[in-house]
Amino acid sequence: MIIEDADQLEGLKAAGAAVAATLHAMKKAAEPGISTAELDRIGVKMMEDLGVAPAPPTRGFPAATCISINDVAAHGIPSPDTIVRSGDIVNIDISGRLGEFWADNGESFAVGEADPVVLALVAASHEANAAGIAAARAKKPVWRIGSACERVIRRHGFHVVRNLCGHGVGADLWEPPQILGYADRTATTRLREGMVLAIEPFVSETATWADEDEDDGWTLRTPGSRSAQREHTIVVTKDEPIIVTEQPE
């Protein structure tokens with residue numbers, strides 16, 4: 001989507017604020033002992049109250065939110081049998097539509113007493129996301145975003161999960177272009193002012209690929225390697241991008 005006027009920008013900001021508020025509420029509730037199904041119910045209630053239509057069910061996903069733990073990199077299905085434990089790295093990914101606009105927001109975080117690697121993975125995902133956002137400038141090629149993310153991830157001694165990526169968003173949940181988390185100089189599409197992007201580098205201890213769970217067809221794992229992600233929906237400008245999914249304090 002290309003934002004063309006102030007009304008569209010305000011509509012997108014409202015959608016971004018709503019999904020960010022939902023993520024914030026779920027993150028606050030993510031204490032040891034809670035199930036991911038309970039967390040999903042909190043997200044459902046929050047989105048209902050805010051008038052947000054969750055995106056995952058429109059794609060056939062069996063829940064309103066994606067909640068991924070440890071070596072589940074993405075698309076973790078909430079379940080009453082999946083219990084959050086101290087030391088886990090938890091990722092919550094919220095996507096939805098408010099009015100005409102879609103927004104996408106995700107974050108990995110440590111629960112309870114986490115080991116140094118978990119804390120480093122979370123930090124790397126946040127720093128890589130910030131670097132990718134800073135590189136998203138009008139008239140620059142899209143590969144610069146992935147290059148900025150990859151430099152941070154490598155500096156931390158971790159790996160980019162190469163088959164997971166960001167994307168355009170706004171008028172729909174998934175739009176071109178793909179936003180890779182690594183440098184691919186064949187991705188020469190030039191960013192345009194007003195372009196709406198979801199930037200989400202995926203960081204792993206050792207894995208460079210996520211495998212789909214053959215049983216449920218959704219869960220993406222980096223077996224034996226914990227992973228982290230950070231995602232924001234932004235609007236490209238010629239200067240600093242506008243982040244529309246900043247969480248409340």
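This structure is a prediction, so every number in the text was calculated from the model and none was measured. FYI, side chains are in, hydrogens and waters are out, and symmetry mates aren't considered; it's all heavy atoms of this structure.
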Participant: Quick one, Asn91 with Ser108, criterion side-chain hydrogen bond (donor to acceptor under 3.5 Å, both in side chains). Give me CA distance, side-chain angles, the key distance, then yes/no.
Facilitator: CA-CA 4 Å; Asn91 177 271; Ser108 292; 3.0 Å; yes
Participant: Measure the CD-CD1 distance between Glu150 and Ile145 for me, rounded to the nearest 0.5 Å.
Facilitator: 14.0 Å
Participant: Which pair of heavy atoms, one from Glu4 and one from Gln8, lies closest together, and at what distance?
Facilitator: N-OE1, 2.7 Å
Participant: Taking the six-membered ring of Trp102, is NZ or CZ of Arg59 closer than 6.0 Å to its centre and within 45° of its axis?
Facilitator: yes
Participant: Strictly by modelled atom types, are Thr65 and Asp40 linked by a side-chain donor-acceptor pair under 3.5 Å?
Facilitator: yes
Participant: Can you sort out the partners of Ser79 under side chain to side chain donor-acceptor pair (under 3.5 Å), two or more places apart, ordered by chain and number?
Facilitator: none
Participant: Between Asp239 and Thr237, do the side chains contain a donor N or O and an acceptor N or O under 3.5 Å apart?
Facilitator: no
Participant: Tell me if the CD atom of Glu193 is crowded by more than 12 foreign heavy atoms within 6.0 Å.
Facilitator: yes
Participant: Check the angle between the aromatic planes of Trp218 and His75 and answer parallel, tilted or perpendicular using the 30° and 60° thresholds.
Facilitator: perpendicular
Participant: Measure the CG-CG distance between Asp115 and Leu119 for me, rounded to the nearest 0.5 Å.
Facilitator: 7.0 Å
Participant: For Phe109, which fellow cluster members are found when Ile, Leu, Val, Met, Phe, Trp and Tyr are connected by side-chain heavy-atom distances below 4.5 angstrom, either directly or through intermediates?
Facilitator: Val19, Leu23, Met26, Ile34, Leu39, Ile42, Met46, Met47, Leu50, Val52, Ile67, Ile69, Val84, Val90, Ile92, Ile94, Leu98, Val111
Participant: Enter the distance from Ser204:OG to Phe158:CZ here, rounded to the nearest 0.5 Å.
Facilitator: 9.0 Å
Participant: Using the rule that two of Ile, Leu, Val, Met, Phe, Trp, Tyr join whenever any of their side-chain heavy atoms come within less than 4.5 Å, decide whether Val236 and Val244 are in one cluster.
Facilitator: no
Participant: Does the side chain of Phe61 reach to within under 4.5 Å of the side chain of Pro78, using non-hydrogen atoms?
Facilitator: yes
Participant: Please give me the minimum heavy-atom distance between Asn129 and Pro201, naming the atom from each residue.
Facilitator: N-CG, 3.6 Å
Participant: Using only atom types and a distance under 3.5 Å, with no angle test, would you say the side chain of Thr233 pairs donor to acceptor with the backbone of Asp104?
Facilitator: yes
Participant: Between Gln229 and Glu107, does any side-chain donor sit less than 3.5 Å from a side-chain acceptor?
Facilitator: no
Participant: Apply the test side chain to side chain contact (heavy atoms under 4.5 Å, CB included) to residues Leu173 and Thr58: give CA-CA distance (whole Å), side-chain angles for both, the deciding distance (0.1 Å), then the verdict.
Facilitator: CA-CA 10 Å; Leu173 179 62; Thr58 70; 5.8 Å; no
Participant: Is it true that Val235 and Met195 fall in one hydrophobic cluster, defined by side-chain heavy atoms closer than 4.5 Å?
Facilitator: no
Participant: Should Val160 and Phe202 be counted in the same cluster of Ile, Leu, Val, Met, Phe, Trp and Tyr side chains packed under 4.5 Å apart?
Facilitator: no
Participant: How far apart are the C-alpha atoms of Glu212 and Arg221, what are their side-chain angles, what is the distance that settles it, and do they pass the salt bridge (Lys or Arg N to Asp or Glu O under 4.0 Å) test?
Facilitator: CA-CA 6 Å; Glu212 184 178 287; Arg221 293 184 182 274; over 6 Å; no
Participant: Using a 3.5 Å distance criterion without hydrogens, assess whether the side chain of Arg97 forms a donor-acceptor pair with backbone atoms of Ala55.
Facilitator: no
Participant: State, without any angle test, whether Glu200 and His232 hold a side-chain donor-acceptor pair at a distance under 3.5 Å.
Facilitator: no
Participant: Which pair of heavy atoms, one from Ser227 and one from Val161, lies closest together, and at what distance?
Facilitator: OG-CG2, 4.4 Å
Participant: Please tell me whether Ile243 and Ile2 are part of a single hydrophobic cluster in this structure, the criterion being side-chain heavy atoms less than 4.5 Å apart.
Facilitator: yes
Participant: What distance separates Arg226 CZ from Asp88 CG, expressed to the nearest 0.5 Å?
Facilitator: 9.5 Å
Participant: Would you say Phe101 and Val169 make side-chain contact, with heavy atoms under 4.5 Å?
Facilitator: no
Participant: Are Ile179 and Leu220 joined in one hydrophobic group, where the rule is that I, L, V, M, F, W and Y side chains link up if heavy atoms are under 4.5 Å apart?
Facilitator: no
Participant: Is Glu175 reaching over with its side chain to a backbone N or O of Met1, donor-acceptor style, under 3.5 angstrom?
Facilitator: yes
Participant: Minimum heavy-atom separation for Ala136 to Pro241, with atom names?
Facilitator: O-CG, 3.2 Å
Participant: Does any part of the side chain of Arg85, heavy atoms only, come nearer than 4.5 Å to the side chain of Ile83, both counted from C-beta?
Facilitator: yes
Participant: Side chains of Ile242 and Ile234: closer than 4.5 Å at any heavy-atom pair?
Facilitator: no
Participant: Does Gly43 offer a backbone N or O that forms a donor-acceptor pair with the side chain of Thr22 under 3.5 Å?
Facilitator: no
Participant: In Å, rounded to the nearest 0.5 Å, how long is the span from SG of Cys165 to CG of Asp184?
Facilitator: 11.0 Å
Participant: Under 3.5 Å, is there a donor-acceptor pair between the side chain of Arg190 and the main chain of Lys139?
Facilitator: yes
Participant: So among Val203, Ile133, Asn105, Ile199, which one has a side chain to side chain contact (heavy atoms under 4.5 Å, CB included) with Arg230?
Facilitator: Asn105
Participant: Distance only, no hydrogens: is a donor on one side chain within 3.5 Å (strictly under) of an acceptor on the other, for Asp213 and Thr219?
Facilitator: no
Participant: Can you name the side chain to side chain donor-acceptor pair (under 3.5 Å) partners of Arg137, sequence neighbours left out?
Facilitator: none
Participant: Tell me, do Glu38 and Pro80 make a side-chain contact under 4.5 Å, heavy atoms counted?
Facilitator: no
Participant: Would you name the heavy atoms of Gly76 and Ser68 that are closest together and state the gap between them?
Facilitator: N-OG, 3.0 Å
Participant: Please check this pair: side chain of Ser225 against backbone of Thr206, looking for a donor-acceptor N/O pair closer than 3.5 Å.
Facilitator: yes
Participant: When you compare the side chain of Ser95 with that of Pro56, does any pair of heavy atoms fall below 4.5 Å?
Facilitator: yes
Participant: What are the two closest heavy atoms between Val152 and Ala128, and how far apart are they?
Facilitator: CG1-N, 3.6 Å
Participant: Between atom CD of Glu231 and atom OG1 of Thr245, what is the distance when rounded to the nearest 0.5 Å?
Facilitator: 7.5 Å
